[in-house]
Each structure stands twice: as C-alpha cells, then as structure tokens.
**Q** 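The structure follows.
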Amino acid sequence: MKILASLAIVGGLFLLGMLGAVPGLGWVFGVVLPYLAVALFLGGLIHRVMSWANAPVPFRITTTCGQQKSLDWIKQDKLENPHNFLTVIGRMALEILCFRSLVRNTKTELTAARKVVYATDLWLWLGAIAMHYSLLVILIRHLRMATNPVPFFVTWLQWADGFLEVGVPVVYVTTVAFLLALAYLLLRRVVDAKLRYISLPGDYFALFLLLGIGLSGFYLRHLAKTDIVAVKQLAVGLVSFRPTVPDTISFLFYGHLFLVCVLLAYFPFSKLVHMPGVFLSPTRNLANNNRMVRHVNPWDYPVKTHSYEAYEDEWREKMKASGVPVDKE
Ligand code: HEM
C-alpha cells in the first residue's frame with residue numbers, strides 16, 4: 001500500500017507539473033515555484049544545520065571499531081579511532097567520498113535448516129555509490145543549461161561521460177547508472193520482506209521521486225528531443241534573476257522541472273538531509289582524545305560528596321568492633 005501510494009503521489013505530481021505548459025501558467029511553474037523551492041531548500045537546510053550545530057556535545061562520542069590512542073606500545077587504529085584534527089579529516093573523507101561505514105553492511109538470513117546466517121553484502125554500498133556519484137555528475141552536467149559560456153569542466157565532463165558514443169544524442173554512462181542504481185535500491189526494498197517491513201512511505205517516495213526525475217530526463221533527451229535552446233533561455237533567466245518563459249517548452253519538461261522543485265522543497269525536511277548531516281555527525285567528526293584530555297561536563301553542578309576517608313572516620317570504632325577491616329587504625 002505504502003509503495004503504491006508513494007508511486008501514485010509522484011505520478012500525480014508529475015501530471016500536475018505538466019500544467020506549466022498551459023498558456024498563462026508558465027510563470028507559475030517555470031519561475032515562481034522554482035524560486036520558492038530554492039528558497040525552501042536553502043532556508044530549510046540552514047535551519048536544520050543551525051539546529052544541529054547548536055546542540056551541545058560536551059563529551060566525545062566514540063562509537064568506533066578500532067584501538068584508540070593509548071600507551072605508545074599499543075598500536076592505534078588512526079582512521080577508525082582518530083585522535084586529532086588531521087586524522088578526523090581522514091575518517092570524514094573516507095566516509096563522505098567512499099561511504100566507508102556502508103562497506104560493513106551485512107545481511108542476515110534464515111536458512112532452510114532454520115539457522116540464522118550473517119554475510120557481507122556489498123550490493124547496497126555499490127548501489128549507493130553508483131546513485132550518488134551519478135547524481136553528482138548529472139547535476140554538474142546540467143550546468144550547461146544555466147551557464148553562458150559553459151565552464152570548461154562541464155564540457156569536459158560531458159565528453160567523458162559520453163565516451164561510449166552510443167546513440168544520437170549520445171547516452172551518458174551516468175544517466176544509465178543513475179537509473180539502474182535507483183531501480184536496484186527500490187527493488188531491494190520491495191523484494192526483501194524484512195526491508196519491506198521496516199520501509200516507510202518516505203523511503204519509497206524519495207526513490208520514486210528521483211526515479212521520476214531520471215526517467216523524465218531520459219525521455220526528454222532521448223525520445224521527446226526537447227527544445228534545449230528554450231530551456232536554456234528559461235534557466236539562464238532564472239539564475240540571472242531576469243526570468244523569461246519561452247512558450248515552446250514542452251509539458252514533459254515542466255513535469256521534470258516540477259518534480260525537481262518538489263525534491264528541493266522536500267529535501268531539508270526528509271531523511272535526504274543526511275547529505276549535510278554527515279558533516280555534523282559527532283560520531284564521525286569528533287577526535288577520540290579521551291585519554292589525552294580531561295573532558296569536564298559543563299552542566300556539572302557542585303555536589304556534596306562523602307569520601308571513603310570521611311566515612312571511615314565517622315564509623316571507625318563501630319567497624320573495628322564488628323571486625324570490618326579499616327585503612328587507618
Ligand atoms: C535533481 C535535479 C535533476 C536531476 C536528478 C535530473 C536528471 C536528469 C537526467 C537523468 C536526465 C537525462 C539526461 C542526462 O543525464 O543529462 C535529464 C535531462 C534533462 N533535464 Fe534534468 N535533472 C535535474 C534537474 C533539472 C533542472 C533544474 C532542469 C531545468 C533546467 C532540467 C532539465 C533537463 C532537460 C532539458 C533535460 C534533457 C537534456 C537533453 O536533452 O540533453 N533538469 N535530467
């Protein structure tokens with residue numbers, strides 16, 4: 001049910017976006033909504049990041065899997081358990097660029113003999129890497145539509161991405177990788193009963209939304225042959241704050257653009273916000289220097305303590321009388 005509902009919502013949003021091609025509505029779907037979506041995206045992200053940054057983290061949260069810095073003769077695992085800024089950068093870079101913690105993903109299965117078995121499962125890591133890197137390349141390539149002249153790295157990336165030279169216009173490797181990776185990420189949630197059980201409507205919605213954007217983009221490039229000059233006019237107008245809405249833009253393009261607007265507006269309020277979140281994750285960005293520095297809880301208030309010495313002074317005679325050993329005779 002939650003799968004079909006998410007699919008229906010994304011389908012409905014796409015149809016709604018197509019209204020942009022109706023005469024008179026181009027300004028709403030081509031200018032007002034994109035600006036609104038970007039404002040929500042930026043405002044929402046700033047709000048989320050500020051709320052994380054303002055949360056006090058008095059102690060080091062050291063959920064790590066390697067030996068922390070200790071005595072000189074105990075070998076430290078610098079990347080698992082960094083103790084200074086430089087090694088923290090190393091751990092963060094591996095996490096952000098290589099999704100290192102996802103490599104540890106394991107699967108649990110019940111065999112026919114009703115035995116629980118655990119095994120490494122790198123498919124999720126591979127799917128996630130393929131999806132995220134393809135998305136990055138696609139977004140950089142899209143800059144050609146909003147820039148004039150087109151920056152050299154965009155032209156270069158476009159050339160490298162289309163090196164297979166298949167089809168006219170050429171099919172980009174990342175377009176295919178993006179769609180295949182998304183299809184895999186969606187199917188694993190649908191096919192595996194355990195994953196289906198823990199999946200939320202928001203998980204399917206995000207995947208269908210990205211898939212909708214990717215499929216409509218593929219259709220625009222390879223089947224519908226969009227009026228790319230008109231799209232560029234719209235995009236350059238938007239980024240230079242002098243918007244114009246050419247009337248030769250197809251309704252399919254408006255569907256694509258509207259789904260992108262929904263994604264932008266939805267991003268800061270959904271689990272997709274893990275993108276900036278990883279930078280503020282205390283378990284990743286805090287050095288474990290617990291054995292080098294004494295961290296005092298800033299919320300500690302003076303508490304009246306009762307030391308063992310004072311306790312013994314108070315009860316010594318009674319302790320001796322009942323045979324309890326004492327430190328000081
Ligand atoms: C999250 C943002 C977006 C994603 C993931 C996305 C994805 C895609 C994909 C996968 C394609 C297929 C061809 C390719 O890979 O380049 C495509 C094509 C296209 N997209 Fe997007 N898109 C996004 C944002 C936008 C925006 C904001 C615009 C408006 C300027 C746009 C306009 C187009 C057009 C016109 C095409 C056809 C390109 C061509 O004919 O070469 N897209 N998009």
Side-chain angles (χ1 to χ4, degrees), residues 10 13-14 17-18 20-21 26 29-42 45 130-148 150 154-183 185-186 205-240 243-246 248-268 270 272-273 275:
V10 174
L13 288 171
F14 187 69
M18 284 184 180
F29 285 86
V31 179
V32 179
L33 290 179
Y35 279 145
L36 205 65
V38 171
L40 270 171
F41 177 73
L42 294 177
L45 272 194
M131 193 277 276
H132 284 86
Y133 271 103
S134 309
L135 178 61
L136 179 67
V137 173
I138 290 170
L139 292 181
I140 297 175
R141 276 201 286 96
H142 270 60
L143 287 179
R144 85 179 198 279
M145 288 182 235
T147 49
N148 200 12
V150 177
V154 177
T155 321
W156 183 85
L157 200 62
Q158 221 168 281
W159 166 80
D161 202 358
F163 81 103
L164 289 179
E165 297 192 347
V166 175
V168 180
V170 71
V171 178
Y172 296 118
V173 174
T174 50
T175 311
V176 178
F178 183 61
L179 293 175
L180 287 181
L182 278 171
L185 294 173
L186 180 66
F205 179 72
L207 287 170
F208 279 127
L209 195 57
L210 285 168
L211 211 48
I213 295 172
L215 285 174
S216 57
F218 184 89
Y219 195 90
L220 282 177
R221 180 172 170 82
H222 299 289
L223 303 166
K225 314 266 156 80
T226 325
D227 181 354
I228 207 78
V229 176
V231 169
K232 182 148 186 161
Q233 206 180 326
L234 175 81
V236 170
L238 284 174
V239 296
S240 59
T244 48
V245 183
T248 48
I249 299 183
S250 72
F251 57 92
L252 282 169
F253 169 77
Y254 278 110
H256 184 67
L257 184 61
F258 187 63
L259 288 190
V260 174
C261 291
V262 172
L263 179 69
L264 286 178
Y266 174 71
F267 195 95
S270 67
L272 298 175
V273 79
M275 185 254 267

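We're numbering straight along the sequence, starting at 1. Only heavy atoms go into these numbers, but all of them, side chains included; no hydrogens, no water, no symmetry mates. Quantities reported herein were computed from a predicted structural model and do not represent experimental measurements. Numbering of ligands and ligand atoms starts at 1, following listing order.
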**Q** Can you confirm whether Val171 sits close enough to Leu164 that some side-chain heavy atom of one is under 4.5 Å from a side-chain heavy atom of the other?
**A** no
**Q** Kindly compute the distance separating CZ (Phe205) from CG (Leu263), expressed to the nearest 0.5 Å.
**A** 8.5 Å
**Q** If you measure from CG on Leu185 to CG on Leu207, what distance do you get to the nearest 0.5 Å?
**A** 6.0 Å
**Q** Counting only heavy atoms, tell me which of Lys232, Arg141, Arg144 gets closest to atom 39 (C) of ligand 1.
**A**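 The option holding the nearest heavy atom is Arg144.
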**Q** Is there a side-chain contact between Phe29 and Val245, using heavy atoms and a 4.5 Å cut-off?
**A**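 No; the side chains remain at least 4.5 Å from each other.
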**Q** Show me which atoms of ligand 1 lie under 4.0 Å from any heavy atom of Ile228.
**A**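 In order of number, 35 (C), 38 (C), 39 (C), 40 (O).
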**Q** Among all protein heavy atoms, pick out the one at the shortest distance from atom 24 (C) of ligand 1; state its residue, atom name and that distance to 0.1 Å.
**A**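 Heavy-atom neighbour on the protein nearest atom 24 (C) of ligand 1: Val260 CG2, 3.4 Å.
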**Q** Run down the list Gly217, Ala224, Gly214, Ser250 and name the one with the heavy atom closest to atom 17 (C) of ligand 1.
**A**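 Considering heavy atoms of Gly217, Ala224, Gly214, Ser250, the nearest to atom 17 (C) of ligand 1 sits in Gly217.
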**Q** Please work out which of Leu263, Leu210, Leu264, Val173 has its closest non-hydrogen atom nearest to atom 1 (C) of ligand 1.
**A**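 The nearest heavy atom belongs to Leu263.
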**Q** Measuring only between side-chain heavy atoms, which start at C-beta, is Met145 closer than 4.5 Å to Ile228?
**A** yes
**Q** Rounded to 10 degrees, what angle sits at atom 21 (Fe) of ligand 1 between His256 NE2 and His142 NE2?
**A**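 Between NE2 of His256 and NE2 of His142, the angle at atom 21 (Fe) of ligand 1 is about 170°.
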**Q** Can you tell me the protein heavy atom closest to atom 10 (C) of ligand 1 and the distance?
**A** Ile138 CD1, 3.7 Å
**Q** Which heavy-atom pair separates Leu234 from Pro246 by the least distance, and what is that distance?
**A** CB-CD, 4.2 Å
**Q** Say whether, by atom type as modelled, one donor and one acceptor occur between the side chain of Arg221 and the main chain of Thr226 under 3.5 angstrom.
**A** no
**Q** Can any side-chain N or O of Tyr254 pair as donor or acceptor with the backbone N or O of Ile249 at less than 3.5 Å?
**A** no
**Q** With a 4.5 Å heavy-atom cut-off, do Val31 and Tyr35 have their side chains touching?
**A** yes
**Q** At the 4.0 Å heavy-atom cut-off, does Leu179 count as touching ligand 1?
**A**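 No heavy atom of Leu179 comes that close to ligand 1.
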**Q** Starting from atom 15 (O) of ligand 1, what is the nearest protein heavy atom, named by residue and atom, and what distance separates them?
**A**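 Ranked first by proximity to atom 15 (O) of ligand 1 is Thr175 OG1, 2.6 Å.
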**Q** Ile213 heavy atoms, cut-off 4.0 Å: which ligand 1 atoms fall inside?
**A**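 The atoms of ligand 1 under 4.0 Å from a heavy atom of Ile213 are 3 (C), 4 (C), 5 (C), 6 (C), 7 (C), 22 (N).
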**Q** Looking only at heavy atoms, which two atoms of Leu220 and Phe253 are closest? And how far apart?
**A**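 Closest approach of Leu220 to Phe253: CD2-N, 3.7 Å.
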**Q** For atom 34 (C) of ligand 1, what's the nearest protein heavy atom and its distance?
**A**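 The answer is Met145 CE, 3.7 Å.
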**Q** Closest non-hydrogen protein atom to atom 37 (C) of ligand 1, residue and atom name please, with distance?
**A**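 Of the protein heavy atoms, Leu220 CB, 3.8 Å lies nearest.
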**Q** For ligand 1, does Leu135 get within less than 4.0 Å through its side chain, its backbone, both, or neither, judged by non-hydrogen atoms?
**A**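 Contact part for Leu135 vs ligand 1: side chain (C-beta onward).
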**Q** Heavy-atom contacts with Leu139 under 4.0 Å: which atoms of ligand 1 show up? List them by number with element.
**A** 1 (C), 2 (C), 3 (C)
**Q** Work out which heavy atom in Leu257 is nearest to a heavy atom in Pro34; give both atom names and the distance.
**A** CD2-CG, 4.2 Å
**Q** Out of Tyr172, Phe253, Phe267, who gets a non-hydrogen atom closest to atom 29 (C) of ligand 1?
**A** Phe253
**Q** Specify side chain, backbone, both or neither for Thr174, according to which of its non-hydrogen atoms lie closer than 4.0 Å to ligand 1.
**A**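 Looking at Thr174 and ligand 1, no heavy atom falls under 4.0 Å.
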**Q** Tell me the protein heavy atom at minimum distance from atom 40 (O) of ligand 1, and give that distance in Å.
**A**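 Nearest neighbour among protein heavy atoms for atom 40 (O) of ligand 1, to 0.1 Å: Arg221 CA, 3.4 Å.
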